[in-house]
Asker: 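This is the structure I want to talk about, given as structure tokens.
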Amino acid sequence: MPEPQPFAILAPVPLVHLESSAEVLVAEVSVAFGSNSYEVFNKVDGLRDGNPVRVLIYASHEGVEAQPSYMVKWRGWYVGQVWNDDGRHPEEKFRPPSALSDTPSWMTFWHVSELEEMDKKHWFPISKVPKFKGGWTKLKPPRGPVLVGLPSALE
């Protein structure tokens with residue numbers, strides 16, 4: 001297991017993409033999710049010194065504002081990002097099959113290895129995720145990936 005950093009990434013990802021990621025992870029070491037939050041990943045890349053960073057994921061729902069009670073049910077390791085000017089990942093084999101029909105509009109693709117749904121006893125609401133200096137302020141649930149503190153249960 002990688003050495004945890006003192007911070008993590010909290011990210012909403014549509015459930016359909018989380019579920020179809022399993023198909024990618026059968027053949028590949030990581031799966032790629034699209035984002036326009038390149039500033040977050042650039043900051044993480046500057047802090048992580050090449051080490052993986054814990055990713056905490058809650059299922060997002062299209063057209064529905066996230067609630068503080070949404071549960072972190074998935075976790076993995078952020079292992080890097082890939083840029084592409086045309087909005088598509090340069091190697092679509094890393095994308096969940098459910099995302100391949102997305103309109104190409106992403107600035108970066110963040111790769112997650114060891115993605116898994118946690119046992120129900122380990123789920124926790126996003127309101128319990130600690131803050132991290134320069135990251136999420138907890139004023140409202142994030143609409144994209146944000147830098148957060150690493151929950152003590154995951155250290």
Side-chain angles (χ1 to χ4, degrees), residues 1-62 66 70-84 86-120 122-126 128-130 132 134-136 141-155:
M1 176 186 290
E3 184 67 28
Q5 302 295 311
F7 53 88
I9 298 167
L10 174 64
V13 174
L15 182 59
V16 66
H17 298 332
L18 291 167
E19 292 174 341
S20 77
S21 293
E23 293 179 45
V24 174
L25 294 170
V26 168
E28 305 300 332
V29 71
S30 66
V31 62
F33 299 111
S35 178
N36 290 325
S37 300
Y38 63 91
E39 301 98 342
V40 172
F41 296 105
N42 288 347
K43 184 171 187 169
V44 169
D45 287 342
L47 293 170
R48 72 187 185 101
D49 196 28
N51 294 307
V53 172
R54 179 56 80 188
V55 177
L56 310 171
I57 299 175
Y58 65 92
S60 61
H61 306 280
E62 183 117 7
Y70 277 18
M71 302 293 281
V72 172
K73 296 181 181 181
W74 297 75
R75 68 180 173 197
W77 293 99
Y78 167 74
V79 293
Q81 67 176 316
V82 173
W83 286 70
N84 197 6
D86 73 1
R88 288 207 177 278
H89 195 290
E91 295 184 71
E92 289 192 345
K93 67 182 182 178
F94 290 105
R95 297 285 282 140
S98 60
L100 293 177
S101 62
D102 282 354
T103 302
S105 61
W106 303 118
M107 297 182 81
T108 191
F109 295 87
W110 50 290
H111 281 249
V112 177
S113 68
E114 300 180 38
L115 178 65
E116 64 178 354
E117 185 174 9
M118 298 183 289
D119 290 333
K120 189 172 184 174
H122 297 297
W123 295 358
F124 56 93
I126 62 173
K128 299 291 185 190
V129 175
F132 185 79
W136 183 34
R143 297 194 64 185
V146 292
L147 192 59
V148 296
L150 183 65
S152 58
L154 296 175
E155 288 180 358

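Keep in mind that the numbers below use all heavy atoms, side chains included, and drop hydrogens, waters and symmetry copies.
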Asker: Walk me through it: do Met107 and Phe41 pass the test side-chain contact (heavy atoms from CB on, under 4.5 Å)?
Answerer: CA-CA 11 Å; Met107 297 182 81; Phe41 296 105; over 6 Å; no

Asker: Before you tell me yes or no, could you show the steps for Trp106 and Asn84 under side-chain contact (heavy atoms from CB on, under 4.5 Å), namely the whole-Å CA-CA distance, both residues' side-chain angles and the distance that decides it to 0.1 Å?
Answerer: CA-CA 8 Å; Trp106 303 118; Asn84 197 6; over 6 Å; no

Asker: Can you sort out the partners of Glu92 under salt bridge (Lys or Arg N to Asp or Glu O under 4.0 Å), two or more places apart, ordered by chain and number?
Answerer: Arg88

Asker: With rounding to the nearest 0.5 Å, note down the distance linking CG in Leu10 to OH in Tyr58.
Answerer: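 Those atoms lie 6.0 Å apart.
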
Asker: What pair of heavy atoms forms the shortest contact from Phe7 to Leu147, and how long is it?
Answerer: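 Heavy atoms of Phe7 and Leu147 come nearest at CD1-CD1, 3.6 Å.
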
Asker: State, with a plain yes or no, whether a side-chain heavy atom of Val13 is found less than 4.5 Å away from one of Ser21.
Answerer: no

Asker: Could you report the tightest heavy-atom contact between Gln81 and Thr108, atom names first, then the distance?
Answerer: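 Here Gln81 and Thr108 meet closest at OE1-OG1, 2.6 Å.
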
Asker: Are the side chains of Val112 and Trp74 in touch, meaning some heavy atoms are under 4.5 Å apart?
Answerer: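 Side chain of Val112 against side chain of Trp74, heavy atoms only: no contact under 4.5 Å found.
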
Asker: Return the minimal non-hydrogen interatomic distance between Trp123 and Glu117, and the atom names on each side.
Answerer: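 Closest heavy-atom pair between Trp123 and Glu117: CZ2-OE2, 3.5 Å.
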
Asker: Distance check, rounded to the nearest 0.5 Å: Trp77 atom CH2 versus Arg48 atom CZ?
Answerer: 11.5 Å

Asker: At what distance, to the nearest 0.5 angstrom, does CE of Met71 lie from NZ of Lys128?
Answerer: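 Result: 10.5 Å between the selected atoms.
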
Asker: Examine distances only and state if a side-chain atom of Arg75 and a backbone atom of Leu115 form a donor-acceptor pair shorter than 3.5 Å.
Answerer: no

Asker: With rounding to the nearest 0.5 angstrom, report the NZ to CD1 distance, Lys43 to Ile9.
Answerer: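 Interatomic distance, Lys43 NZ to Ile9 CD1, rounded to 0.5 Å: 12.0 Å.
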
Asker: If I compare all heavy atoms of Phe109 with all of Gly87, which pair ends up nearest, and what's the gap?
Answerer: CZ-O, 3.3 Å

Asker: Which heavy atom of Ala11 sits nearest to which heavy atom of Trp110, and what is that distance?
Answerer: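 Shortest heavy-atom contact: CB-CH2, 3.6 Å.
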
Asker: Considering non-hydrogen atoms only, spot the tightest contact between His89 and Phe94 and give its length.
Answerer: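 That would be CE1-CD1, 3.8 Å.
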
Asker: Quick one: pull up CG in Leu18 and OG in Ser98 and give me the separation to the nearest 0.5 Å.
Answerer: 8.5 Å

Asker: Please identify each residue that fulfils ring pair (Phe, Tyr, Trp, His ring centres under 6.0 Å) with Tyr38, with sequence neighbours left out.
Answerer: Trp83

Asker: Less than 3.5 Å apart, which donor and acceptor atoms pair up between the side chains of residues 23-34 and the rest of the protein, not counting sequence neighbours?
Answerer:
| from | atom 1 | to | atom 2 | distance (Å) |
| --- | --- | --- | --- | --- |
| Ser30 | OG | His111 | ND1 | 2.8 |

